[in-house]
Number of protein chains: 2
Amino acid sequence: MIDTEESCEIKKIERVDIGKFDGISRFLNLLGNRTRIAILAAISKYGEACACELQPALGIPQPTITTHLRKMYDIGLLKQREVWKYSFYSISPQYANLVDDIMKNQESFESRR
Amino acid sequence: MIDTEESCEIKKIERVDIGKFDGISRFLNLLGNRTRIAILAAISKYGEACACELQPALGIPQPTITTHLRKMYDIGLLKQREVWKYSFYSISPQYANLVDDIMKNQESFESRR
DNA sequence: ATCTCATATATGAATATCATGATATGACAA
DNA sequence: TTGTCATATCATGATATTCATATATGAGAT
């Protein structure tokens with residue numbers, strides 16, 4: 001018997017195209033990293049932040065922070081504003097509510113550490 | 001010079017404990033998988049679903065589906081209801097709104113395929 | 001031109017995740 | 001007890017991700 005053969009006859013769930021969830025899952029996957037969430041928390045709290053101030057706050061190397069910022073920028077989650085030698089990142093308006101909600105609910109997940 | 005030395009003096013972002021974002025990021029990370037989002041989409045649409053009906057709908061092997069269901073159940077995202085030889089999974093009430101929002105916004109991400 | 005400083009990129013090792021075939025479990029029917 | 005069927009777990013190879021070190025870029029000051 002081959003995979004495609006249907007088994008139970010409970011209910012007919014119509015064909016689902018997994019591929020169409022590629023975009024949103026890549027976006028959500030980006031949010032599923034504690035370092036990136038921590039960066040987002042700081043940016044959310046202060047409105048914007050540059051890598052050089054995130055570096056001592058998070059206690060991780062600058063390239064690590066820059067790489068995470070870049071990924072979030074690439075997918076449209078962050079905006080970038082360059083001033084003098086600094087590059088400030090802020091949350092894109094379209095995702096501000098989402099990030100707010102996440103930060104609000106963050107504490108309810110702390111017990112799972 | 002050591003990593004811990006502070007560099008720029010733009011603004012003092014207070015120390016961030018990355019570890020406290022462990023729980024929420026693991027939760028979001030679970031959502032960041034296209035197969036799991038597809039499963040959630042089907043469950044969300046039909047209210048509940050068992051593995052044997054998801055299998056032909058998604059066109060992937062049963063162990064793959066069961067494994068994803070189990071992960072989402074383990075973290076509390078899904079509820080389980082066993083009837084006869086079937087095991088029906090549904091979205092936990094506390095996350096129903098979140099999943100709804102994701103499904104509503106799903107199409108805006110389709111272009112990123 | 002050289003130094004400084006913030007940022008960005010390259011590379012790679014360790015780790016995590018994914019999907020699958022094989023196998024196990026467990027309830028029920030014959 | 002044997003067969004069936006839905007579900008669950010295991011083992012594994014392939015792939016992806018993470019984070020660090022080393023290095024590069026580029027603007028501004030000296």
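Just so it is clear: chains get the letters A, B, ... in the order the sequence lines come, proteins before strands, and each one is counted from 1. These numbers come from the heavy atoms of this one structure, side chains and all, not from hydrogens, waters or symmetry mates.
The distance from atom CG of L69(A) to atom C1' of dA8(C) is 11 Å, rounded to the nearest whole Å. Atom pair E53(B):CD and dA6(D):P shows a separation of 11 Å (rounding to whole Å applied). For E82(A) and dC5(C), the CD to C1' distance is 15 Å, given to the nearest whole Å. If you take NE2 of H68(A) and P of dA8(C), they are 14 Å apart, rounded to a whole angstrom. Distance L58(A) CG to dT18(D) C1': 15 Å, rounded to the nearest Å. Rounded to an integer number of Å, the gap from F88(A) CZ to dA8(C) P is 12 Å. Atom CG of L54(A) and atom P of dA8(C) are 12 Å apart (whole Å). The distance from atom CZ of R26(B) to atom P of dT18(D) is 15 Å, rounded to the nearest whole Å.
In this structure, Y86(B) and F88(B) have tilted ring planes: the angle between them lies in the 30° to 60° band.
Near DNA chain D, defined here as any heavy-atom distance below 4.0 Å, the residues from residues 32-39 of chain A are N33(A), T35(A), R36(A), listed numerically.
For S87(A), the side chain to side chain donor-acceptor pair (under 3.5 Å) partners are Q80(A), not counting sequence neighbours. Applying the side chain to side chain donor-acceptor pair (under 3.5 Å) test to Q106(B) and every residue at least two apart in sequence or in another chain returns nothing. Partners of E14(B) according to the side chain to side chain donor-acceptor pair (under 3.5 Å) rule, which considers only residues two or more places apart in sequence or in another chain, are K45(A). In terms of the side chain to side chain donor-acceptor pair (under 3.5 Å) criterion, S25(A) has no residue partners (sequence neighbours excluded).
Contacts classified as ring pair (Phe, Tyr, Trp, His ring centres under 6.0 Å) and involving residues 44-77 of chain B (residues at least two apart or in different chains) are not found.
Of the two residues contacting DNA chain D, namely N29(A) and P63(A), the nearest-nucleotide position lying further toward the 5' end is that of N29(A).
Taking the side chain of A51(B) as heavy atoms from C-beta on, and the options dT7(D), dA6(C), dA8(D), the nearest nucleotide is dT7(D).
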